[in-house]
Asker: 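Can you keep this structure in mind? I'll have questions shortly.
So you know, we letter chains A, B, ... as the sequences are listed, proteins then strands, and number each from 1.
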Number of protein chains: 2
Amino acid sequence: MTKFKPTDAEIEILHILWEKGPASVRDINDILNGRREVGYTTTLKLMQIMNEKGLLKRDTAARTHIYKAVAKELDTKNNLISDFVNMAFQGSSMDLVMQALGNSTSSPEELNELKSLIAKLENKE
Amino acid sequence: MTKFKPTDAEIEILHILWEKGPASVRDINDILNGRREVGYTTTLKLMQIMNEKGLLKRDTAARTHIYKAVAKELDTKNNLISDFVNMAFQGSSMDLVMQALGNSTSSPEELNELKSLIAKLENKE
DNA sequence: TTGCAATTACGAAAGGCTTCGTATATCTTT
DNA sequence: AAAGATATACGAAGCCTTTCGTAATTGCAA
């Protein structure tokens, strides 16, 4: 299991690729520009670096390269959570869960989902 | 409400001050050195910067300055969670909660605590 | 009091992230 | 074929974080 440690800008791009699937730099840049102003070569450079790091893989057959995410969404987020818990909650996932939950506004449906998950965890022991 | 945005190294120091209360640079540096090698002036500089940023306040009456945390633990962690959720979970606290919980190994007591919290949230609506 | 130890202040280097300018190559359109 | 648009490659600047070296100051001990 490789250790993914994407930066903030990289994660934003990963999210887009996870959702949309393989895309060109132009595709990604257009989406980013819908949120805020980003230069094309900025996005390009970022994705080239991500490719070097192994976060993305690209198909260079055509002039316009097509990139896809290598880093898996679940794995990546788990790594992020793990780092975050260590940094901010001294390793206690439950502390994070409690505080994040306490601070969020959650619908009854979401709370039910959460209760199911807890029930599942309880049966595992 | 000021926006605290401590860096990783700063958060490590904040944790110590939150737990131990006011302390000198020497105190903090000794504790940090129990975990890993850190130069004294490194810790000093960090705490000076934190003081400038308003994260810490210091008493300079004596030669050895005494620092205390200004940033409140709960507020700071809430801010960190908020940023993290936006960055990694596109704003959905519940997604974070579910994934963090699913990935943690939690004791029956902790799960009970969590259920109480959920019950409390359910009554609030 | 003289020298050693501890403290603060300050500057700056090293590394990482993000951004962009410029050069070059490859299409597309006329 | 020429001109313009679009793509990639590359280097470097700017900023932030972390780290540490050096100098100056203060306190303590012999």
Asker: Closest heavy-atom contact between A:Ala100 and B:Val97?
Answerer: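 Closest approach of A:Ala100 to B:Val97, heavy atoms only: CB-CG2, 3.8 Å.
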
Asker: Please list residues of residues 15-32 of chain A whose heavy atoms come under 4.0 Å from any atom in DNA chain C, ordered by number; otherwise none.
Answerer: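 Heavy-atom contacts with DNA chain C come from no residue of residues 15-32 of chain A; none.
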
Asker: Hey, which sits more toward the 5' end of DNA chain D by its nearest nucleotide, B:Ala62 or B:Thr7?
Answerer: B:Thr7

Asker: Within this structure, what is the CG-to-P distance between A:Leu44 and D:dA9, rounded to whole angstrom?
Answerer: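 So the two atoms are 7 Å apart, to the nearest Å.
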
Asker: Between side-chain atoms of residues 46-55 of chain B and protein atoms elsewhere (two or more places apart, or another chain), which donor-acceptor pairs fall under 3.5 Å?
Answerer:
unit_1, atom_1, unit_2, atom_2, d
B:Lys53, NZ, B:Glu10, OE1, 3.4
B:Lys53, NZ, B:Glu10, OE2, 2.7

Asker: Looking at B:Leu117 and A:Gly102, what are the two nearest heavy atoms and their distance?
Answerer: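 Heavy atoms only, the tightest pair is CD2-N, 4.2 Å.
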
Asker: Can you list every ring pair (Phe, Tyr, Trp, His ring centres under 6.0 Å) pair that touches residues 50-74 of chain B, not counting sequence neighbours?
Answerer: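 Listed once each, the pairs would be none.
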
Asker: Quick one: side chain to side chain contact (heavy atoms under 4.5 Å, CB included) partners of B:Thr41, sequence neighbours excluded?
Answerer: none

Asker: Got a sec, which residues hit side chain to side chain contact (heavy atoms under 4.5 Å, CB included) with A:Ile16, two or more places apart in sequence or on another chain?
Answerer: A:Lys20, A:Ile28, A:Ile31, A:Leu32, A:Arg35

Asker: Show which residues join A:Leu74 in its hydrophobic cluster (side-chain heavy-atom contacts under 4.5 Å, direct or indirect), or state none.
Answerer: none

Asker: Of all nucleotides in DNA chain C with an atom under 4.0 Å from a non-hydrogen atom of chain A, which is the first and which the last going 5' to 3'?
Answerer: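 Answer, 5' to 3': C:dC17 to C:dC27.
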
Asker: I need the residues from residues 52-60 of chain B with at least one non-hydrogen atom less than 4.0 Å from DNA chain C; give them sorted by number, or say none.
Answerer: B:Arg58

Asker: Please say whether more than 12 non-hydrogen atoms of neighbouring residues, nucleotides or ligands are located less than 6.0 Å from CD in A:Glu73.
Answerer: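 Enclosed.
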
Asker: Taking only N/O atoms, report every protein-nucleotides 19-21 of chain D pair under 3.5 Å with atom names and distance.
Answerer:
unit_1, atom_1, unit_2, atom_2, d
D:dC20, OP2, B:Gly39, N, 3.2
D:dC20, OP2, B:Thr42, OG1, 3.0

Asker: Could you check whether B:Asn33 and B:Asn29, counting side-chain N and O atoms only, form a donor-acceptor pair closer than 3.5 Å?
Answerer: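 Yes - a donor-acceptor pair under 3.5 Å links their side chains.
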
Asker: Please name the pair of heavy atoms, one in B:Met94 and one in A:Leu114, separated by the smallest distance, quoted to 0.1 Å.
Answerer: SD-CD2, 4.3 Å

Asker: Got a sec, which pairs hit ring pair (Phe, Tyr, Trp, His ring centres under 6.0 Å) with one end in residues 5-38 of chain A, sequence neighbours left out?
Answerer: A:His15-A:Trp18

Asker: Which pairs of donor and acceptor atoms, one on a side chain in residues 81-89 of chain B, lie under 3.5 Å apart (sequence neighbours left out)?
Answerer:
unit_1, atom_1, unit_2, atom_2, d
B:Asp83, OD2, B:Lys5, NZ, 3.1
B:Asn86, ND2, B:Ser82, O, 3.3

Asker: May I ask you to evaluate whether A:Gln48 reaches the phosphate of D:dA9, defined as a side-chain N or O under 4.0 Å from OP1 or OP2?
Answerer: yes

Asker: Atom pairs, N/O to N/O, protein against nucleotides 13-15 of chain D, distance under 3.5 Å?
Answerer:
none

